[in-house]
Amino acid sequence: MAYLAPRLGHFRIFSHSVSACRLLGMADMGLALSRSPLERLDFDNVALKKLPLDSSEEPGVRQVNGACFSRVKPQPVTKPRFVAVSHEALALLGLNGEEVMTDPLGPEYLSGSRVMPGSETAAHCYCGHQFGQFAGQLGDGAAIYLGEVKVPPGQDSDLLRENPSGRWEIQVKGAGKTPFSRQADGRKVLRSSIREFLCSEVMFFLGVPTTRAGSVVTSDSRVVRDVYYSGNPRNERCSVVLRIAPTFLRFGSFEIFKQADESTGRQGPSYGRHEIRSQMMDYAIEMFYPEIQRNHPDRMERNVAFFREVMLRTARLVAQWQCVGFCHGVLNTDNMSILGLTLDYGPYGFMDRFDPNFICNASDNSGRYSYQAQPAICRWNLVKLAEALAPELPPDRAEEVVDEYLDLYNGFYLETMRKKLGLLKKDEPEDEILITELLQTMHNTGADFTNTFRSLSQISCPTEGEEEEELVRKATELLLQQCASLEELKAANKPTMDTRELTMLLSVAQSNPALFQMISDRATIARQLEIISKLKDLMETSQEELQSKHAEDWSGWITRYRKRLARELEGQSDVRALQEERVRVMDSTNPRVVLRNYIAQNAIEAAENGDFSEVQRVLKVLQKPFSSQPGLESPAWVGQGQTTDQGEREEEEEEQQQQQQQAASSSTARTPVPYDSKPPTWANEICVT
């Protein structure tokens, strides 16, 4: 929830060109053309045929034993209407986005308020390790499987290689309770729905493997949410996202067989049902890894190959996250895809000021899922997947595969980082040091992650006759524009732990180490001490002294960088062509714009005030994250105060009207900043949990 206080292949989408009326007689043609395009989707719900389905249709939350899915009934919302659709994502299903947007039944079908012909609604059962502890049964508490749509004729062959099953699973998220909703209501609100919709799509256009989002629908139905966790709840609109993927199977899908956990005492709901584990592995490999199925007649070798491929895709995925500054926020085993896709967009964040300890989820007090922890956490999750697959996957063979992870991750990471720095012709051992020094300089100076990398293409390779000192000075000035001011660094280095609490914990660590391990950890204390030390230095520094130190740090790194670029030129006859290629590669690897929290927040507040145009505008900007788009440089809605017909509101209680007016006034009072800008000061107040 947000509130104010190396790529697997870029899919090329072909438009749906096969008429549903081709085989119909003239008498039937008018009827066919009048149907909703969503009623023409060709469903083939293989998962429900090949995996165990819960025989009970008992409503309410319950333990689901011996099944992978439970039948559910989506709960309708009142007056559903589109906030936005992704034309590119809907094209995966053979749908035309304009037709869907103008279809009177579109919002009903894509909110779960009406069930499409051929759809079979169900919820998936899975377990998970959450923040390191086995949580037992979790499952789809808000997402509802609608079925699997056959790939339409004419879809790109590259796309079919990425999705060899020949079907797209579609879900609606926020359509009501399931057996797995626990204490929740199965609903999502506009804030979380817009964030998931936009990020699912921007990740795709950044070239990062991801589930997709076809639409976001809002309604007049309401749920109560305490936005600020302050004891002041308010009504919010129920909203629903359409999610699309080859499958939403995850690591936690295989944890339903887990025996009682030593720490929590919880066990999977299908413990002891080994035949279902075998069934699930057969399904996953046959449907989504058919080459592995064909190439490994021996079952054990097949299973090892499957696990190795999941490991490889996971290593590549997290390397791509690191290279684009993305932090997932909740890397539990139930949020890890068996296809190596970014899955479940909750309290995620794209890093602004570079900080290896960046934590995007305000609920992650220990920093378990911080930016720099992501590669190691993904490895930990792979170990848990291996445990869940045993004995189908022999533990000794799984360990051998996991041991390959770190080298693979480093290889993927360095490959992309070299492109980000424009090091294309040579792979030198010292490159890793140069990259590390760049990140350290960015951290020391509070440099903006996205904009600093984007600026590097403006630093040219050395050529004869150039004035080196002057060029380094200009490059330094360029990068200093992306650095934090003294006040910004002071604000960023405020301790999150009260001094008295820290003093007490330090005392306990000395006097009673066993108790200390129960209530805290040394890494957390070390981070707090480091922050305090840095803040002390900043308090004794002037802005001029800080600027001078930043300039010294950057000029030193730029000098080393240009020496490395000079070695790129060795043996090259056409220096100009090399420089042009370097800029092209860098500018297609380092995005100009990402979905920063403040960009999403602007769109959310506009939508909450009835204006959906900013969500649509942000989507359009993010569809070309590496390019400048004239006319789309800045938000258009700020200060307009307009309300669309779609967003007409009913009479609200006086308290809620006041809250909305406050939100509107806070938005309109802000000065718009370009989408590719460093975040404005007010963005520091955004909290995601």
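Atom set for the values below is all heavy atoms of this structure, side chains included, hydrogens, waters and symmetry mates excluded.
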Rounded distance (nearest 0.5 Å) linking atom NZ of Lys534 with atom CD1 of Ile531 = 9.5 Å

Rounded to the nearest 0.5 Å, how far apart are CD of Gln458 and CG of Leu478?
-> 5.0 Å

Between Arg527, Gln372, His443, Glu530, which is the residue that forms a side-chain hydrogen bond (donor to acceptor under 3.5 Å, both in side chains) with Asn357?
-> Gln372

Answer yes or no: does atom CD of Glu399 have more than 12 heavy-atom neighbours from other residues, nucleotides or ligands under 6.0 Å?
-> no

Atom OG1 of Thr342 and atom NE2 of His328: how far apart are they, to the nearest 0.5 Å?
-> 7.0 Å

Out of curiosity, Met101 CE to Leu90 CG, how far, rounded to the nearest 0.5 Å?
-> 10.0 Å

Does NZ in Lys624 sit with more than 12 non-hydrogen atoms of other residues, nucleotides or ligands closer than 6.0 Å?
-> no

Ignoring hydrogens and angles, state whether a donor on the side chain of Glu201 or Ser86 is under 3.5 Å from an acceptor on the partner side chain.
-> yes

What is the distance from atom CG of Leu546 to atom CD of Glu488, rounded to the nearest 0.5 Å?
-> 10.5 Å

Verify the neighbour count for atom CD of Gln543: are there more than 12 heavy atoms of other residues, nucleotides or ligands below 6.0 Å?
-> yes

Are any side-chain N or O atoms of Gln320 and backbone N or O atoms of Gly207, one a donor and one an acceptor, separated by less than 3.5 Å?
-> yes

Side chain to side chain contact (heavy atoms under 4.5 Å, CB included) between Ser457 and Arg582, worked out = CA-CA 8 Å; Ser457 65; Arg582 175 176 166 270; 5.6 Å; no

Decide if atom CD of Glu428 counts as having more than 12 heavy atoms of other residues, nucleotides or ligands within a radius under 6.0 Å.
-> yes

How many angstroms lie between atom CG of Leu341 and atom OG of Ser200, to the nearest 0.5 angstrom?
-> 11.0 Å

